[in-house]
Amino acid sequence: MSDPKSGIMISKQGPYKVEGAVRLLDSDGVRVDTAEGKPFFLCRCGHSNNKPFCDGTHNRIEWDPALKGI
Ligand code: FES
């Protein structure tokens, strides 16, 4: 199996790191701008003030980063 050029990494206590050529779309299917060629981080805690992106808030709040069922 070849190694894909894009992927999503789930951090232990933080956001999803998205790498590679992917399109990020909002719930209406409208493209959300990301820095081309650079990874971006999607909020997993639900408390970012810059959703869907992580703004580091997860470091200052209490939340459960456990991945239940994985
Ligand atoms: S995961 Fe970083 S602000 Fe939510």
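All heavy atoms count here, side chains included; hydrogens, waters and symmetry mates do not. Just so you know, ligand 1 is whichever comes first in the structure, and atom 1 is the first atom listed for that ligand.
Both Phe53 and Ile10 are members of a single hydrophobic cluster when ILVMFWY side chains are connected at heavy-atom separations under 4.5 Å. Under the 4.5 Å side-chain heavy-atom criterion for grouping Ile, Leu, Val, Met, Phe, Trp and Tyr, Phe41 is not connected to Trp63 through any hydrophobic cluster.
Counting atoms of ligand 1 from 1 in the listed order, those under 4.0 Å from a heavy atom of Arg44 are 1 (S), 4 (Fe). Atoms of ligand 1 found under 4.0 Å from any heavy atom of Cys45, numbered from 1 in the order shown, are 1 (S), 3 (S), 4 (Fe). Counting the atoms of ligand 1 from 1 in the order shown, those under 4.0 Å from a heavy atom of Thr57 are 3 (S). Of all atoms in ligand 1, listed by their number and element, those nearer than 4.0 Å to a heavy atom of Asp55 are 3 (S).
No side-chain donor-acceptor contact under 3.5 Å links Lys38 to the backbone of Ala35. In this structure, Arg31 contributes its side chain and Leu24 its backbone to no donor-acceptor pair below 3.5 Å.
Taking backbone and side chain together, His58 holds an N, O or S atom under 2.8 Å from atom 2 (Fe) of ligand 1. With a cut-off of 2.8 Å, atom 2 (Fe) of ligand 1 has an N, O or S atom of Cys54 in range.
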For this session: Test Lys68 against Asp64 for salt bridge (charged side-chain N to carboxylate O under 4.0 Å, His left out), laying out the working first.
Result: CA-CA 10 Å; Lys68 299 179 173 75; Asp64 181 4; 2.5 Å; yes
